[in-house]
Amino acid sequence: MAEEAAQEQPSPTAPRKVRCIVKLGGAAITNKGELESINEESLQSACAQLRQAMSESKGDGAPEKVLGMDWSKRHGDPADPAVDAEWISGMAGLGLDTNFIVVHGAGSFGHFQASRSGVHKGGLHSTLVKAGFVATRISVTSLNQEIVRALAREGIPSVGMSPFACGWSTSQRKIASANASQIIQSLHTGFVPVLHGDAVLDELLDCTILSGDVIIRHLAQLLSPKYVVFLTDVHGVYDRPPTDPNAVLLKEIEVDDKGSWSIVKPALLQGNNKGVEISVAAHDTTGGMETKILEAAMIARLGIDVYITKAGTEHSLRALKRDVSSDSEDWLGTIIRSSK
């Protein structure tokens, strides 16, 4: 179904190959134990690193003056935003490679509303589900706006795009319609599209939740980025929940043509594809790490390298710059790639 949707896209294509699709994990940018609470420090760090990865400046050690693009007054600000229009109009350009797409998870936004109302199970004939659909979208779109603002404060020309508003829909939770023309046109004009997991209409269930991880896989199929980065609240994929003191970080996973995967590094788990234990929070309606691994494997099967690492660390900056190889022993994260 996703392949059919990809084939039905309009003719325009991006001016050059999309460099990277970045997933900002909900657990990394929000405080998951606190309803609708943003982890400001982690979000700011992720946005600053994304700017560093985009920067075309060679760098002479001097701090770069950032063109902030959030010109709205924030709650608690004592004065109106200052906009140096003369300086901005004299700029030759942004000096950024903006050929990125950002997709973010919901974290402490949306999951509560969706799980309490059963939006992910469908059934809009139910008043509870219909109300929950509205409540879920209010929550996730408010987070999307805050992430767009955080990126804009780092001088990244980002524009929020909701899958529901763009006409994306599913059939039995699989993507049935996903018009990406607005995304492609935004890339053409130098904007960075920022999408998110969303409540969408479903042909058979009435409605469901479309996760950010599924969105990334579809965009990867359609736009063939050079690489994909998942930024999470842990260093990568482990052989068991990372809270377990015996958990082992899986450094490299290979995926074959059939979608089957096996562990390459560390050597003690080499060839194993059964020993990864997955835990999913009770309120998580998108499948958590299990969905992330499965979708990452589907992307890797396309010949696109996937990096999973912890947001706001030196390892995430290296992943965003693609300054990582399978021989990088000092890099903490998981690389998922094709076995071909």
Side-chain angles (χ1 to χ4, degrees), residues 1-10 23-27 30 32-38 103-148 160-183 193-219 221-222 278-292 294-295 298:
M1 189 72 72
E3 288 80 0
E4 292 174 9
Q7 290 170 2
E8 292 170 4
Q9 297 304 317
K23 168 68 185 299
L24 297 178
T30 71
K32 264 206 158 182
E34 188 177 340
L35 181 62
E36 296 185 341
S37 170
I38 295 174
V103 181
H104 65 83
S108 61
F109 291 71
H111 288 300
F112 166 78
Q113 292 85 348
S115 62
R116 284 295 294 268
S117 59
V119 170
H120 55 299
K121 298 176 183 176
L124 284 174
H125 59 276
S126 162
T127 304
L128 175 62
V129 173
K130 185 165 287 185
F133 189 97
V134 173
T136 299
R137 296 213 67 253
I138 288 172
S139 186
V140 295
T141 54
S142 67
L143 175 61
N144 180 254
Q145 183 182 48
E146 289 305 312
I147 290 172
V148 168
M161 294 186 182
S162 295
F164 175 84
C166 289
W168 289 41
S169 63
T170 58
S171 179
Q172 201 74 35
R173 299 191 179 93
K174 294 181 180 179
I175 291 178
S177 175
N179 190 332
S181 60
Q182 195 172 358
I183 297 170
V194 184
L195 290 84
H196 59 88
D198 204 359
V200 297
L201 300 180
D202 187 282
E203 292 175 1
L204 299 178
L205 303 174
D206 290 342
C207 65
T208 193
I209 298 296
L210 177 61
S211 81
D213 297 327
V214 173
I215 291 169
I216 285 180
R217 189 247 299 166
H218 181 76
L219 291 176
Q221 288 176 324
L222 181 64
I278 303 294
S279 62
V280 180
H283 64 275
D284 193 336
T285 56
T286 62
M289 184 58 83
E290 182 175 17
T291 300
K292 196 179 308 297
L294 292 174
E295 297 300 338
M298 291 289 286

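Not measured: the values here are computed from a predicted model. Values below: all heavy atoms of this structure, side chains included; hydrogens, waters and symmetry mates excluded.
- Summarising the geometry of Phe109 relative to Ser37, their closest heavy-atom pair is CE1-N, 3.6 Å, with the distance given to 0.1 Å.
- Checked by atom type, the side-chain pair Asn179/Ser181 shows a donor-acceptor distance below 3.5 Å.
- The closest side-chain heavy-atom distance from Val103 to Leu24 is not below 4.5 Å.
- Interatomic distance, Ile147 CD1 to His104 NE2, rounded to the nearest 0.5 Å: 4.0 Å.
- Residues Leu201 and Asp206 form no side-chain contact, since every pair of their non-hydrogen atoms from C-beta on lies 4.5 Å or further apart.
- Partners of Ser126 under the side chain to side chain contact (heavy atoms under 4.5 Å, CB included) rule, at least two apart in sequence or in another chain, are Leu128, Val129.
- The salt bridge (Lys or Arg N to Asp or Glu O under 4.0 Å) contacts involving residues 105-132 comprise nothing, where partners must be two or more places apart or lie in separate chains.
- Under the 4.5 Å side-chain criterion, counting only non-hydrogen atoms from C-beta, Leu294 is not in contact with Asp213.
- Thr30 and Ala106 get closest at one heavy-atom pair: CG2-O, 3.9 Å.
- Residues forming a side-chain hydrogen bond (donor to acceptor under 3.5 Å, both in side chains) with Glu36 (at least two apart in sequence, or on another chain): Gln113, Ser139.
- Across all their heavy atoms, Ser117 and Gly132 have their closest contact at OG-CA, 3.3 Å.
- Each ring pair (Phe, Tyr, Trp, His ring centres under 6.0 Å) pair with one or both residues in residues 163-183, not counting sequence neighbours, appears once here: Phe133-Phe164, Trp168-His218.
- The distance from the CZ atom of Arg173 to the OG1 atom of Thr208 is 4.5 Å, given to the nearest 0.5 Å.
- Among all heavy-atom pairs drawn from Asn144 and Met161, the shortest one is OD1-N, 4.1 Å.
- Partners of Asp202 under the side-chain hydrogen bond (donor to acceptor under 3.5 Å, both in side chains) rule, at least two apart in sequence or in another chain, are Thr170.
- The two residues Cys166 and Gln182 make their nearest non-hydrogen contact at SG-OE1, 3.4 Å.
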Intermediate values then yes/no, side chain to side chain contact (heavy atoms under 4.5 Å, CB included), Cys207 and Leu124 | CA-CA 7 Å; Cys207 65; Leu124 284 174; 3.8 Å; yes

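- The NZ atom of Lys23 sits 12.0 Å away from atom CG of Leu219, with the distance rounded to the nearest 0.5 Å.
- Scanning both residues, Val200 and Pro163, for their nearest heavy atoms gives CG1-CB, 4.4 Å.
- Ser162 pairs by the side chain to side chain contact (heavy atoms under 4.5 Å, CB included) definition with Arg137, Thr141, Ala165, His196, Asp198, not counting sequence neighbours.
- Partners of Gln145 according to the side chain to side chain contact (heavy atoms under 4.5 Å, CB included) rule, which considers only residues two or more places apart in sequence or in another chain, are Arg149.
- Atom CG in Leu205 sits 8.0 Å away from atom OG in Ser171 (nearest 0.5 Å).
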